[in-house]
Amino acid sequence: MSLNTDLSALFATMADIMDIKGENTFKVLAFRKVGRILADLSFDVRECVKNNTLCEIEGIGPSSQRIIEEYVATGRSSDADSLAQSVPATLLPLLQVEGLGPKTISLLWKERKITNADELKAALEDGSLKGIKTIGDKKLAAIKQGLANRAKSAGRIGIGHALPVAEMFVDLIRKLPGVTHAQYAGSLRRGRETIGDIDIICSVKDPSLSQKIADAFVAFPAVARIIGQGPSKSSIVTASGLQVDLRILPEENFGAALLYFTGSKDHNVKIRGLALKKKMTLNEWGLYNLAEYEKTEKKIAEAPPLKPVASRTEEEIYAKLGLDFIPPELREDRGEIDAALNHKLPRLITQKDLRGDLHSHTTASDGKNSILEMAQAAKALGYEYLAITDHSKSSVIANGLTPDRLIKHIAEIRKAQDKIKGITLLAGSEVDILPDGRLDYEEAILKELDIVIASPHASLKQDAAKANDRMRRAVETRYVNIIGHPTGRLIGGREGLPLDFPPLFKLAAANGTAMEINAGYPRLDLDEFNSRSACEAGVMISIDTDAHSTAELCEIHFGLTVARRAALTAKHVLNCQSLNDLREFLRRKR
DNA sequence: GCCGTTTTCGGCCCGACTGTTTTCAGTCG
């Protein structure tokens, strides 16, 4: 899929260059959008070129089509090349500097021949930037600060790291006097696997308290630096470099603000356009009648003084736009708005739909709890079944089981079953997929198990040919029910196997082999895009915690989020099936 | 550059905050 990524980066770079050159903003936005579309594509863009279906993708027009086709054919784009010659490439990273935008960068380049961060730093030191119109002393100080902060900035961080920070802030804000609601929004609420910053919305009964709440927020102990502070919007940075934005609004505007700051940006643009078509306007304060809104005097940081069509809840606003409620995880402008208009949104999977967990470990290998303790914890979650799947012998570090130990372990699982009622224990194994695709146990052993997960743990830097052969062989192997964390990636740490998924999914569907969404952070493997295409190929998905303790058994949330972002419903998910249906599925590989 | 059940031309989401300024431009989300 790296061609998609390359092309996505190409369009993003072209947009940056055009931005600095001061080209039409909407043209820049159009290119940025194409970049995002390409990054989000769940299939290889070459397919579209081959089938001549590029222009069927909304947002890709004739110009983008020409660039993509040229790039696919030749590995280059003449448009991108000539753009690249018009601006020093070393200017582009300056766009990442807080406080520096395209206009200022262009001005620094034209007025003072600044072409990179080092020259900028030097010029700030020697005072040669003084005297440029519209750039005063404060602006220069802000640029200096921005350059200094760049090294400390966290960049995008994993959802697993961002969520606890967000929950801490939300808890603190809820306890402030006068706050009626507080909720995190943004990409965190949409459940993206990485988060740029944390957006928090809070509502107040009495708007005169807003300033006090903002003051309290920027004074929290976790705050390392204040970026901005006004009566309705404040931004801070934590010691770890994570930005947190707080919006404070009257209670009756809470839904509109939550909707607006949950995004995504593309989703917002689309529904605002929809509002305009219906002679209404939508902003973070509410949905308003357009004619009335335009006649009204507005004040900065105050709700417009007219009665909104809807504003208190997201549900009301969607309803007034003629849309079914769109769950945050789907708000990415990937067709969800049309689906909501036509009442065709999927009923996304929820925790209640899950009937069991098919991937867990005990003290027999590298887990922290006994079989019985894990079973009791699973029962407490309301599960009907739990698969005990300890490691196989090659996972030496994880104390993997030799065949002899596995046979005894199966007997232990049966014994534990006798001691607990109300939950069914499946005797399983998480068997290593060896580098050549063979499994770590012989078939004679595998057939003694109720369920087999096969996972790659070692040799995760194989080339594509070897990796695909390896996984194909595993998918086809008799007794293998689920492929666990198929790529072996770690978010922010390890790329994982370079798998070509479409043919693999086809094979998995034909063989009745399920694919796992491993809920453990930072795995989340399969990711949302591959989960979606697996499901479209007819592959069953298993959402599992890979729990190594009773506490981890509760951490199914992130896996469910991936599944929801992939638009999965209960019928796509193996562990939403009744025990009988699950057993029938498992039996087909025997 | 993209798009169209009012439009193939003329729109394109909208507001808060900051800084450099007296009415607005740039940046950010």
Would you indicate which nucleotide in [options] comes nearest to any side-chain atom of [X]?
{"X": "A:Glu284", "options": "B:dA16, B:dG26, B:dC2", "value": "B:dA16"}
{"X": "A:Asn24", "options": "B:dC17, B:dC14, B:dG1", "value": "B:dG1"}
{"X": "A:Lys139", "options": "B:dC14, B:dG19, B:dA16", "value": "B:dG19"}
{"X": "A:Ser232", "options": "B:dC14, B:dT20, B:dC17", "value": "B:dC17"}

**Report entry** salt bridge (charged side-chain N to carboxylate O under 4.0 Å, His left out), paired with A:Arg190, selected from A:Glu329, A:Glu336, A:Glu332
**Finding:** A:Glu332
Query raised in the report: Do the side-chain N or O atoms of A:Trp285 get closer than 4.0 angstrom to the phosphate oxygens (OP1, OP2) of B:dA16?
Result: yes
Requested in this report: Could you tell me whether the phosphate oxygens of B:dG19, OP1 or OP2, come under 4.0 Å of any side-chain nitrogen or oxygen in A:Thr134?
Outcome: no
**Report entry** DNA chain B: 5'-proximal contact among A:Ser234 and A:Asp245 (nearest heavy atom)
**Finding:**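 Here A:Ser234 is the residue nearer the 5' end.
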Query - Residue whose closest nucleotide on DNA chain B lies nearer the 5' end, A:Thr104 versus A:Glu302 - result: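 So the residue in question is A:Glu302.
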Query - Geometric cation-pi criterion, A:Arg347 with A:Phe325: 6.0 Å, 45° - result: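 Output no; distance or angle outside limits.
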Requested in this report: Using the six-membered ring of A:Phe11, assess whether NZ or CZ of A:Lys33 lies under 6.0 Å from its centre and within 45 degrees of the ring axis.
Outcome: no
Would you mind classifying the nucleic acid contact of [X] as base, sugar-phosphate or nothing, using non-hydrogen atoms under 4.0 angstrom?
{"X": "A:Gln243", "answer": "sugar-phosphate"}
{"X": "A:Thr281", "answer": "sugar-phosphate"}
{"X": "A:Leu276", "answer": "sugar-phosphate"}

Requested in this report: With C1' as the reference atom in both, quote the distance from B:dT20 to B:dT27 in angstrom, rounded to an integer.
Outcome: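 Roughly 14 Å separates the two C1' atoms.
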Query raised in the report: On a whole-Å scale, what distance lies between the C1' atoms belonging to B:dG10 and B:dC17?
Result: 31 Å
